[in-house]
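A short write-up of the structure that comes next.
Each chain gets a letter, A, B and so on, in the order its sequence line appears, and its residues count up from 1.
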Amino acid sequence: MATERYNPRDAEPRWQQKWNEENVFLTDNADPREKYYVLEMFPYPSGRIHMGHVRNYAMGDVVARYKRARGYNVLHPMGWDAFGMPAENAARDNKVHPKEWTYKNIASMKAQLRAMGLSLDWSREFATCDVDYYHRQQMLFIDMMEKGLVYRKKSKVNWDPVDNTVLANEQVIDGRGWRSGALVEQRELTQWFFKITEFSQELLDALDTLDHWPEKVRLMQKNWIGRSEGLTIRWEIVPETSPNAEREITVYTTRPDTLFGASFLAISADHPLAKEAAAANPAIDAFCEECRRAGTSLAALETAEKKGIDTGIRVRHPLDPSWELPVYIANFVLMDYGTGAIFGCPSGDQRDLDFARKYHLPVVPVVMPKDGDAASFTIGDVAYDGIGIMINSRFLDGMDTEEAFEAVATRLAAKNLGNVPQAERKVNFRLRDWGISRQRYWGCPIPVIHCEDCGVLPVPKQDLPVKLPDDVTFDQPGNPLDRHPTWRHVSCPLCGKDARRETDTMDTFVDSSWYYTRFTAPWEHEPTDKLAADRWLPVDQYIGGIEHAILHLLYSRFFTRAMRETGHVEAKEPFKGLFTQGMVVHETYSRGHGLTREWVSPADIRIEEIDGQRRATLLSTGEEIAIGAIEKMSKSKKNVVDPDDIIASYGADTARFFVLSDSPPDRDVIWSEAGVEGAYRFTQRMWRLVSEAADALRTVAATPAKEGEALAISQVAHRTLKAVQGDYDKLAFNKAVARIYEFVNALAAPLAKVAAGATDSGYRSAVREAVEILIALVAPITPHLAEECSAALGNTHLIAMSAWPSYDQALVIENEIVYPVQINGKKRAELTIARDADQNTVQEAVLALDAVGSALNGQAPKKIIVVPQRIVNIVV
RNA sequence: GCGGACGUGGCGAAACUGGUAGACGCAAGGGACUUAAAAUCCCUCACCUUCGGGUAUACGGGUUCGACCCCCGUCGUCCGCACCA
């Protein structure tokens with residue numbers, strides 16, 4: 001029977017509508033089956049989805065559909081990370097309100113996502129800019145305030161002079177704002193902070209429990225938290241050198257063992273003592289100013305010269321009061337790590353060494369490698385920062401570094417300086433508290449009120465939400481909320497007097513730190529329905545880009561803990577499984593060179609292969625176009641392929657199938673027109689093979705063959721089923737695709753035979769069963785095609801609601817094994833033998849092979865290794 | 001600088017726990033069908049070869065009956081952090 005080509009433009013909307021009508025993807029919290037929560041990182045509503053989204057959501061959808069078929073109660077929601085600066089930029093540039101801009105974008109992106117045929121529960125959809133959502137976020141903020149997890153402090157902040165806002169340390173990349181690219185300045189502002197450092201140790205320790213996370217991400221978080229063990233040591237200031245009667249300087253060190261190698265102390269330009277010294281000495285003041293400027297503007301800190309200035313202050317060595325050392329202000333000492341002061345041991349630290357050479361300070365080697373010679377060991381231009389044996393260190397000499405660490409720690413702890421132990425063991429973290437204040441309009445208002453008499457007060461919960469005013473202007477830089485004529489004026493909830501509303505809004509990372517919890521009960525008046533949250537969390541499989549490996553994931557882990565302390569959830573961790581998918585990349589095309597180089601869109605060119613050379617020409621003029629590197633799709637390089645265009649010309653199934661094929665999902669996938677064509681060919685081929693045989697298959701039941709010619713078909717089907725199932729479990733989509741190709745190739749001839757009418761009903765039953773399995777296997781990836789094929793077979797049930805088939809172990813097992821036969825590790829022959837043949841039988845059979853006989857050439861084998869069901873190796 | 005990952009045909013890749021290297025797809029070449037084209041179907045496709053076989057998983061060693069896989073060293077690519085005391 002000749003059938004029409006498969007037309008996704010007709011079939012896909014039809015099946016999407018059917019799924020909607022049947023409410024297939026609505027999730028019931030009360031459903032008693034085992035839960036499975038799969039979530040893809042929700043998108044920012046920029047206006048259009050891109051191929052990265054397609055890949056991300058295709059992966060999540062395969063998991064959701066597969067788990068649903070496996071009988072889980074699946075939660076697969078979608079929403080919008082909708083606050084943020086692009087909306088304000090659009091407002092400024094295009095005179096459109098951020099709200100209008102955002103909701104318009106959401107509408108068009110939602111239509112695009114719907115066209116992909118994703119199995120999402122849209123009834124739980126929300127945007128973080130919905131008043132309903134940020135209302136609950138404000139409730140959470142107040143709860144966290146009560147638990148002491150939120151606080152205000154005056155702090156030096158990274159100020160982005162282009163976006164006019166504060167940036168988190170994490171949002172400063174190479175000294176520039178992550179969005180604007182502007183050089184970041186330092187300013188002192190009173191800011192709101194989340195106390196993420198309260199959980200430093202816990203966030204670090206719990207990484208070990210996240211065994212379904214990529215090792216790489218765990219390591220990145222570990223380094224980011226940055227735990228170190230050391231000592232704080234108090235150094236006595238020689239009184240007559242103290243600028244303002246200060247008595248001591250506290251330094252932090254992880255290498256107290258090198259204490260006898262000390263030749264100076266260095267403090268940060270922002271250290272209180274530095275400020276004292278600067279007040280008394282213009283040269284020092286000038287130096288401190290220079291440090292501050294350089295610290296903010298130099299991207300290439302690596303190459304920055306180590307510089308310092310002698311403060312004139314002198315300190316006594318903790319282990320030898322007669323030994324006085326100079327105190328410098330140095331540009332490489334940071335105020336916000338440790339104590340803002342260090343002791344310099346030039347022989348054991350490269351920076352200290354560079355510094356000492358420059359200012360002619362002593363360099364005394366105190367640690368030498370284990371096999372070194374104490375008499376001849378010297379330090380040249382390279383410091384020795386490894387472990388080893390102590391030298392030139394008085395009572396430490398001969399100890400290893402670890403023993404010396406302990407000896408110094410113990411001795412100084414027992415020694416008092418002004419009734420306080422001179423040193424204390426101290427664990428330090430690199431992690432800083434999370435500054436969340438943003439001087440922007442389009443974010444969640446921080447729900448507090450400043451009263452001159454009563455101080456800083458949370459907005460009473462019954463007065464929530466603090467809604468963003470709609471009548472704002474974007475024609476000037478700065479925060480529109482500050483300029484609003486009335487919004488900031490409120491009365492104090494305690495005393496009733498005139499008070500001022502907080503005009504800062506929250507960092508948008510706050511919005512995305514708990515949205516996965518809100519999805520579990522988005523209708524709830526409280527931030528969570530605790531029963532629902534505890535039922536669904538943690539997210540079983542979270543999928544998104546590696547770019548969120550640190551910030552978003554760490555903040556979410558913090559929020560889970562904060563919400564636990566405030567009684568909103570029980571979960572210990574937000575995401576049980578994490579998968580970081582690769583990007584969609586594409587070749588670049590350009591004409592011209594240097595400054596006149598112009599990028600060309602793939603849609604405007606044609607690619608041919610002539611004599612093995614790929615060449616690109618401009619469609620309109622035939623001009624030759626240079627083929628460039630494969631890069632992440634970006635508008636500036638014009639190597640973008642619009643998902644809409646692909647869905648319009650090939651259908652969603654083809655797009656989904658292609659982004660999941662070829663490359664492993666955690667690696668980049670190269671988008672190519674030829675590749676898409678290949679994926680499209682597959683959908684057509686599957687449809688043609690199935691539909692042509694459909695008439696003949698419709699009349700028989702699906703039954704696997706137990707014997708005869710059709711047995712092989714059933715065996716392939718069940719073996720493929722088992723394998724693909726394993727691939728889906730491991731998110732190995734590319735391997736699943738490869739096996740599906742193989743399966744279709746294997747079914748091509750039987751289906752053709754069936755279509756030609758040359759088969760008996762037992763054979764047809766076996767083929768039908770195999771086709772039903774094929775449909776189930778492709779359904780998570782190409783769900784519309786699966787429904788269409790199933791309907792062609794006369795089935796009336798929806799594949800989207802059908803159970804996963806189970807394989808028959810008897811059909812999976814191979815009864816005969818083909819052993820490769822090696823002689824001295826090289827394959828020389830093959831042996832086909834019954835699966836259950838014992839070792840001796842196999843050995844005898846192998847030795848009886850002609851090829852083995854001639855290879856042995858009369859010699860007796862030294863050894864025969866038989867690995868059951870795998871291989872035979874004869875050692876001669 | 002510190003930390004990590006990776007390196008397999010023309011290309012994307014596969015290869016279980018150390019057991020036949022290159023499945024599957026793309027590209028290419030040849031053929032069939034067709035007036036022709038598209039579509040489809042079939043065949044070939046790591047390298048060398050005296051057709052016996054030999055050589056191949058970045059390179060050099062090692063362990064092993066057997067190594068893409070484990071160990072040591074070298075080179076290269078990519079990623080994260082980066083003056084963190």
Notebook entry, point to check: Within less than 4.0 Å of OP1 or OP2 of B:G54, is there a side-chain N or O belonging to A:Arg828?
Noted result: yes
Check: How does protein reach along nucleotides 17-28 of chain B, written 5' to 3' as B (base within reach of a heavy atom under 4.0 Å), S (only sugar-phosphate), or - (no contact)?
Finding: --BB--BSSSSS
Item checked: Earlier contact from the 5' end, RNA chain B, for A:Leu219 and A:Arg667 -> A:Leu219
Check: Quantified in whole Å, what is the P atom distance between nucleotide B:C81 and nucleotide B:A67?
Finding: 40 Å
Next item on the list: Decide yes or no on side chain to side chain contact (heavy atoms under 4.5 Å, CB included) for A:Asn734 and A:Asp662, but give the supporting numbers first.
Entry: CA-CA 5 Å; A:Asn734 58 323; A:Asp662 278 356; over 6 Å; no
Note to self: Considering every strand and a 4.0 Å limit on heavy-atom distances, what is the contact class for A:Ser661: base, sugar-phosphate, or nothing?
What the structure shows: nothing
Check: Expressed in whole Å, how much space separates the C1' atoms belonging to B:G9 and B:G73?
Finding: 28 Å
Margin query: Please tell me whether A:Phe658 and A:Tyr680 form a close aromatic pair, meaning their ring centres lie under 6.0 Å apart.
Written below: no
Item checked: Donor-acceptor contact present, side-chain A:Gln221 to main-chain A:Ala549, <3.5 Å -> yes
Checklist line | Rounded distance (Å) that lies between atom C1' of B:C78 and atom CD1 of A:Ile630 | finding: 14 Å
Check: Between B:G3 atom C1' and A:Asp385 atom CG, what is the distance in whole Å?
Finding: 14 Å
Notebook entry, point to check: Within a radius of less than 6.0 Å around CG of A:Leu847, do more than 12 heavy atoms belonging to other residues, nucleotides or ligands occur?
Noted result: yes
Next item on the list: To the nearest Å, give me how far apart CG (A:Asp668) and C1' (B:G12) are.
Entry: 12 Å
Check: Centroid-to-centroid, A:Phe657 to A:Tyr741, below 6.0 Å?
Finding: yes
Checklist line | Whole-Å P distance, B:G22 and B:C79 | finding: 33 Å
Note to self: For a 4.5 angstrom cut-off between non-hydrogen side-chain atoms, does A:Arg255 reach A:Val367?
What the structure shows: yes
Next item on the list: Take atom CE of A:Met335 and atom C1' of B:C83, then tell me their distance rounded to the nearest Å.
Entry: 16 Å
Notebook entry, point to check: Among B:C83, B:A14, B:C81, which is the nearest nucleotide to the side chain of A:Arg351?
Noted result: B:C83
Next item on the list: Measure centre to centre between the rings of A:Phe264 and A:Phe343, then say whether the value is under 6.0 Å.
Entry: no
Notebook entry, point to check: Any side-chain N or O of A:Tyr337 under 4.0 Å from OP1/OP2 of B:A85?
Noted result: yes
Next item on the list: Using Watson-Crick or G-U wobble pairs with both distances under 3.5 Å, give me RNA chain B in dot-bracket, 5' to 3', with [ ] for crossers and | for pairs to another strand.
Entry: (((((((..(((......[....))).(((((.......))))).(((....)))..(((((..]....))))))))))))....
Next item on the list: Please check if the side chain of A:Asp668 supplies one atom and the backbone of A:Gly582 the other of a donor-acceptor pair under 3.5 Å.
Entry: no
Next item on the list: Report yes if some heavy atom in the side chain of A:Val842 is under 4.5 Å from a heavy atom in the side chain of A:Ile817; otherwise report no.
Entry: no
Note to self: Rounded to whole Å, please give me the gap between NZ in A:Lys826 and C1' in B:A67.
What the structure shows: 12 Å
Item checked: Anti/syn call for B:G52, syn if |chi| within 90° -> syn
Note to self: Determine whether a donor-acceptor pair (one donor, one acceptor, N or O, separation below 3.5 Å) exists between the side chain of A:Lys306 and the base of B:C83.
What the structure shows: yes
Notebook entry, point to check: Taking syn as any angle within 90 degrees of 0 and anti as the rest, which one fits B:G54?
Noted result: anti
Checklist line | Distance between C1' atoms of B:C72 and B:G25 (Å, rounded) | finding: 38 Å
Check: Atom CD1 of A:Ile546 and atom C1' of B:C78: how far apart are they, to the nearest Å?
Finding: 13 Å
Next item on the list: Measure from the side chain of A:Arg430, starting at C-beta and using heavy atoms only, and say which of B:C41, B:C84, B:C65 lies closest.
Entry: B:C84
Item checked: A:Leu431 CG - B:C81 P separation (whole Å) -> 14 Å
Note to self: Work out how far the P atom of B:G62 is from that of B:A14, and round it to whole angstrom.
What the structure shows: 30 Å
Next item on the list: Say whether, by atom type as modelled, one donor and one acceptor occur between the side chain of A:Tyr359 and the main chain of A:Gly308 under 3.5 angstrom.
Entry: yes
Checklist line | Spacing of A:Phe658 atom CZ relative to B:A13 atom C1', expressed in whole Å | finding: 13 Å
Check: Considering only the P atoms, how many Å lie between B:A37 and B:G29, rounded to the nearest integer?
Finding: 15 Å
Next item on the list: Looking only at side-chain atoms of A:Asn223, point me to the closest of B:A82, B:G3, B:C83.
Entry: B:G3
Check: Under the side-chain hydrogen bond (donor to acceptor under 3.5 Å, both in side chains) criterion, do A:Arg227 and A:Gln201 qualify, and how do the steps go?
Finding: CA-CA 8 Å; A:Arg227 185 185 199 270; A:Gln201 187 68 54; 2.8 Å; yes
Margin query: Using atom P in both nucleotides, what's the gap between B:C75 and B:G30 to the nearest angstrom?
Written below: 46 Å
Item checked: Interatomic distance at C1', B:G60 relative to B:A23, whole Å -> 31 Å
